[in-house]
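Residue numbers run from 1 in the order of the sequence given. As a basis for the values below, the full set of heavy atoms in this structure was taken, side chains included, without hydrogen atoms, waters or symmetry mates.
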Amino acid sequence: MSESTATRRFTGAAATPHTSATEAAQRVFRDGGSAVDAAIAAAATLTVVYPQNVALGGDLIALVRSPDGVIRCINASGWASLRTDVQALRSRHSAGYLPFRGVETITVPGGVGGWESMRGLGGRLPWERLLEDAEEAAEVGVPVSASLADHIVDPEHADLFGMPDFDRVFRPGGRNLSAGELFAQPALAETFRVLRREGPQSFYEGTLARRTVAFLRSRGSCLAEDDFAEFVPEVTEPVSVPFRGLTVSTSPPNTHGFVLLRALRALDELGATDPLGDDLGALMRIFHHANDLRSKYLADPRCSVVDVEELVHADLRATSTLGTVSEHTAPVPHGDTVGISTADSDGYAVSLIQSVYGGFGSGIIDPETGVLFQNRGTSFSLDESSPNVIGPRKRPAHTLMPTMTTQGTSVRHILSTMGGQGQPQIIAQMLLRILSGVGPEMAVAAPRSIVGIQFDGNTAESVSVEPGLPAPAYASLDRTGLDIRHVPAHTEAMGQSNIVVVGDDGSMTATSDPRSDGSGSVVSYSRHASPAI
């Protein structure tokens, strides 16, 4: 039988924070797509159904593994304008930091360009097919999720009320959208039609890009057409460490993936044998110190020297003591992001993180295109001594960090999460639980602890703790001297996570977080053999 007529059994797995996105991934698998295609279709759908966390106007960081075992990182984090005037920003913002929202926090959105970069690493389906589900969801409408409805009325987002761009979409007629009601976005649907017809580059050049830039400049942005047209995502190698028989890989700077790798290395070197029980305090101290390193040294490596090896492997003695962590003093977004995990039996695997940063990003939405823009620029510093000081065409320090593990030539775990500055800690706790023998569903649902500014009112020395930790873990935290803050069970501010686990026999499980509106799914069926395009 020839290759073109041969059939074989195909399995595809996807876990996302919204069931509509998981279903979009399933349909792509059934149409002959790879895990790469499934991740893109899911991400596009999430920009429609989860706009509090992700939008076409946001960034993307992803790991893509190909069947030959090579893992690549797609860094589609956008840059500041070439016309950025640092001195003028300092003059306008005497407090020493950029505002939390507004036009000055908008950087070039990298997400759409990131999708196209991903397609080049294993996509099988045409571009227009991958955005089909998102366009339909925007045109026909989808029920408002519990998370979206909660975000709209959350006092943390009260500063958005009265903003014409925001109210037009999310508070029509001054009325808040309610959970379950049909939510259509016709302007966004039309943008997806243009993207499907004209291709991803139309987001950065051509009519759509010109319209976007004109809108942003009408709101006071210094972003210009060349800032969009010249933006290209960066494809790099991931950073990795060996850990308990696995290789753990994540994204390099300007992301904080090194925080996870440093912590895993520290657990082994310091002999912490029970990191989720009697040694939980030690784990929190490890992350507390890594947070300090992140605050001091993380920046865009194209513009500043960022020594990843030094950050991962530097002296660990400081992890056993507490010191003052120099965190951002402005309001800090706490993790409004989406994580997507996909894999297939051909050997492709994707961990994708995409975000508008704070809830609803900058709060600015183009009424003609329906595109909501991120506030990732608020992460920049205005301190001229900081490596993360804002500058022309510079990318800010970034919290997005996709993660996967491999064992020899096989992929084992594809992990993704929201959670802002707490992402490395969430990933570490889930991975440690799985390696201790806990199933992925329990590992995702288990109570979490996160040190740092995870909630309003927290400081760098705060540890946010969900109920249900074992008694030795509580006792261990009490011994740290850190400020223990108890939070409700399964609050999404402690992260919405998604995991795909691949067994020794190639079997897959896909699990989504009970803190989200999501689901995990594994589909298996016969398909015609065909090469990737």
*Out of Asn388, Asp300, Val389, which residue meets the side-chain contact (heavy atoms from CB on, under 4.5 Å) rule with Phe380?*
Asn388

*Is a side-chain N or O of His490 found less than 3.5 angstrom from the main chain of Ala445, in a donor-acceptor match?*
yes

_Lys/Arg-Asp/Glu bridge criterion (N-O < 4.0 Å) met for Arg393, Glu230_ = yes

_Under-4.0 Å salt bridge between Asp278 and Arg479_ = yes

*asked:* Donor-acceptor check, side chain of Asp279 to backbone of Thr273, threshold 3.5 angstrom: yes or no?
replied: yes

_More than 12 heavy atoms of other groups within 6.0 Å of Tyr297 OH_ = no

*Please answer whether the main-chain N or O of His413 pairs with a side-chain N or O of Thr405 as donor and acceptor at a distance below 3.5 Å.*
yes

*How about Gln374 and Ser355: does a side-chain donor come under 3.5 Å of a side-chain acceptor?*
no

*Going by the side-chain contact (heavy atoms from CB on, under 4.5 Å) test, name the single residue among Leu469, Val463, Thr480 that passes it with Leu280.*
Leu469

*Supply the atom-to-atom distance His398 NE2 to Asn75 CG, rounded to the nearest 0.5 angstrom.*
7.0 Å

*asked:* Can a side-chain donor-acceptor contact be found between Ser464 and Asn458 if the only test is distance below 3.5 angstrom?
replied: yes

*Is the backbone N or O of Pro396 less than 3.5 Å from a side-chain atom of Asn254, with the two atoms forming a donor-acceptor pair by type?*
yes

*Are the side chain of Ser117 and the backbone N or O of Pro233 linked by a donor-acceptor pair below 3.5 Å?*
no

_Could you tell me if His157 and Gln52 have a donor-acceptor pair between their side chains, going purely by distance under 3.5 Å?_
no

*Report yes or no: does Thr250 contribute a side-chain atom to a donor-acceptor pair with the main-chain N or O of Pro402 at less than 3.5 Å?*
yes

*Parallel, tilted or perpendicular for Tyr50 and His18, by the 30°/60° rule?*
perpendicular

_Can you confirm whether the side chains of Arg294 and Gln421 place a donor and an acceptor under 3.5 Å from each other?_
yes

*Without hydrogens or angle criteria, can the side chains of Thr378 and Tyr357 be said to hold a donor-acceptor pair below 3.5 Å?*
no

*asked:* If we count only N and O atoms by modelled type, under 3.5 Å, do the side chains of Gln407 and Arg412 hold a donor and an acceptor together?
replied: yes

*Classify the side-chain pair Asp227/Ser81 by whether it contains a donor and acceptor separated by less than 3.5 Å.*
yes

*Indicate whether the side chain of Thr491 and that of Arg448 have a donor and an acceptor atom separated by less than 3.5 Å.*
no

*Flag, side chain of Ser416 to backbone of Ile340, donor-acceptor distance under 3.5 Å*: yes

*asked:* Given 3.5 Å as the limit, does a donor-acceptor pair link the side chain of Glu116 with the main chain of Gln201, or not?
replied: no

*Check against side chain to side chain donor-acceptor pair (under 3.5 Å), Thr255 and Arg395*: CA-CA 10 Å; Thr255 85; Arg395 303 174 302 192; over 6 Å; no

*Ignoring hydrogens and geometry, is there a side-chain-to-backbone donor-acceptor pair from Arg101 to Asn375 under 3.5 Å?*
no

*Return yes if some donor-acceptor pair links the side-chain N/O of Arg65 with the main-chain N/O of Thr406 below 3.5 Å, else return no.*
no

_Pairing of Arg219 and Asp165 as salt bridge, 4.0 angstrom limit_ = yes

